[in-house]
Number of protein chains: 2
Amino acid sequence: MNGRFPIALHIMTLLCDADGLVASEFLAGSMNMNAVLVRKELSNLIKNKLVSSQTGKSGGYALARPAADITLAQIYQTVKPEAILGQAKNQPNPACPIGKQINQHIATLYDDVDKALLEKLGSTTLKDFMAKFH
Amino acid sequence: MNGRFPIALHIMTLLCDADGLVASEFLAGSMNMNAVLVRKELSNLIKNKLVSSQTGKSGGYALARPAADITLAQIYQTVKPEAILGQAKNQPNPACPIGKQINQHIATLYDDVDKALLEKLGSTTLKDFMAKFH
DNA sequence: TTGTATTGTAATAAAAATTATTACAAATAA
DNA sequence: TTATTTGTAATAATTTTTATTACAATACAA
């Protein structure tokens, strides 16, 4: 499991807390990580219309819409892995009656799990999350 | 994300399908992966009392109890990662008011998500899962 | 207009995690 | 007592993740 979701959430929380444009170097400083990686994640958030940016001097990043209109599910969707509970690297033996079918049944299970997860994350907005900080 | 859950589930499904003891080489053959890794995952399943084993010639592995008494949640618990939606490697800057608190809030969120996930997986037994194969 | 700060992104390197392999002791059935 | 199997350690190979370097493009401001 990689750290993309917590990173994206951290970025969104910082943007939510700020009033103007925020530079990637500032974000990286608060997160204590590499600014290029932060910008990459920001690129992805922009592509998913959760963040807007302005290039050039005194440029930076901001939320694309009010924090009350952004759910944690939407943030999660931007970094969602293919297989929520992991994917084995091997291809099961097609000569085995179990192996032949299992990936399909796992996919169905994962669809269900995904739905439950998105429902859970959909019930909290970025504003709600932000409110926990004091 | 690693492939431990699908691997564990594959093992459990194969053991469920078999009647006697099953050798790790057979499991590895069906899964098309390394037998030592399969035995390692089996070790973990044994430690968690979902599987029993017998050493020596004509030894092998079997479910420790009926498939109707094993839920997918219990299988998941044996391979559960620390952080369900990922963990960033960096330590946020403690001088930042957001960074200082965010890990704690993420942990709380993850507890909630975990609970929802376990509830979902707890509603399906290994027997139920097995029934999908035909 | 020229310098400076910033985004955006490619290329590459470094580090970490995952998966595979080799080796072999211990157990046990035949 | 031999053959087969579990159990596990040590190590290697591979893949993924994270970090770094480099630089073009943009836009503000002096």
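Just so it is clear, the values below take in all heavy atoms, side chains as well, and ignore hydrogens, waters and symmetry mates. Letters A, B, ... mirror the listed sequences (proteins, then strands); counts begin at 1.
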Discussion item. Once rounded to the nearest 0.5 Å, what's the spacing between atom CG of A:Leu72 and atom CG of A:Leu117?
Written reply: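 Going from the CG atom of A:Leu72 to the CG atom of A:Leu117 covers 10.5 Å.
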Practice prompt. Rounded to the nearest 0.5 Å, what's the gap from OG1 on A:Thr71 to CD1 on A:Ile75? Could you check?
Written response: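 Those atoms lie 7.0 Å apart.
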Worksheet item: Is a salt bridge present between B:Lys80 and B:Asp114, judged by a nitrogen-to-oxygen distance below 4.0 Å?
Response: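 Salt bridge present between B:Lys80 and B:Asp114.
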Item to complete: Would you kindly compare A:Gly3 and A:Val36 by the position of their nearest DNA chain D nucleotide and give the one closer to the 5′ end?
Response: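 Result: A:Gly3.
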Worksheet item: Are the side chain of B:Asn44 and the backbone N or O of B:Thr78 linked by a donor-acceptor pair below 3.5 Å?
Response: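 Side chain of B:Asn44 to backbone of B:Thr78: a pair is present.
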Fill in: Side chain A:Asp128, main chain A:Thr125, donor-acceptor under 3.5 Å
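Looks like yes, one N/O pair under 3.5 Å.
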Discussion item. Contact list please: residues 21-33 of chain B against DNA chain D, heavy atoms, distance less than 4.0 Å, in numerical order.
Written reply: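 Within residues 21-33 of chain B, the residues near DNA chain D are B:Val22, B:Ala23, B:Ser24.
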Item to complete: Name every residue in residues 43-63 of chain B that has at least one heavy atom under 4.0 Å from any atom of DNA chain C, in order of residue number, or write none if there are no such residues.
Response: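 Heavy-atom contacts with DNA chain C come from B:Gln54, B:Thr55, B:Gly56, B:Lys57, B:Ser58.
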Item to complete: Would you sort out whether A:Ile106 and A:Gln87 count as a side-chain contact (heavy atoms from CB on, under 4.5 Å), showing the intermediate values?
Response: CA-CA 9 Å; A:Ile106 287 178; A:Gln87 184 149 8; over 6 Å; no
Practice prompt. Report the C-alpha separation of B:Met31 and A:Ile102 in whole Å, then their side-chain angles, then the decisive distance to 0.1 Å, and conclude whether the side-chain contact (heavy atoms from CB on, under 4.5 Å) test is met.
Written response: CA-CA 10 Å; B:Met31 302 170 69; A:Ile102 197 163; over 6 Å; no
Discussion item. Just to verify, which of A:Leu118, A:Leu50, A:Asn48 counts as forming a side chain to side chain contact (heavy atoms under 4.5 Å, CB included) with A:Gln77?
Written reply: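 With A:Gln77 as partner, A:Leu118, A:Leu50, A:Asn48 yield a single side chain to side chain contact (heavy atoms under 4.5 Å, CB included), made by A:Leu118.
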Rounded to the Å, how far apart are [X] [atom1] and [N] [atom2]?
X       : N      : atom1 : atom2 : value
A:Lys40 : C:dG8  : NZ    : C1'   : 11 Å
A:Asn34 : C:dA15 : CG    : P     : 14 Å
A:Arg39 : C:dA5  : CZ    : C1'   : 11 Å
B:Leu37 : C:dA17 : CG    : C1'   : 13 Å

Fill in: B:Phe26 reachable from B:Met33 in the ILVMFWY side-chain graph, under 4.5 Å edges
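Yes; B:Phe26 is reachable from B:Met33 via cluster members.
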Practice prompt. Applying side-chain contact (heavy atoms from CB on, under 4.5 Å), run through B:Leu85 and A:Leu121 and close with a yes or a no.
Written response: CA-CA 11 Å; B:Leu85 299 182; A:Leu121 291 175; 4.1 Å; yes
Worksheet item: Angle class for the A:Tyr76/A:Phe5 ring planes (parallel below 30°, perpendicular above 60°, tilted otherwise)?
Response: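 The rings of A:Tyr76 and A:Phe5 stand perpendicular, inter-plane angle above 60°.
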Discussion item. With heavy atoms of chain B within less than 4.0 Å as the criterion, where does contact along DNA chain D begin and end?
Written reply: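 Span of nucleotides near chain B: D:dA3 to D:dT18.
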Worksheet item: Looking across every strand, which nucleic acid part, if any, lies under 4.0 Å from B:Asn2 by heavy atom: base, sugar-phosphate, or nothing?
Response: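 Result for B:Asn2 = sugar-phosphate.
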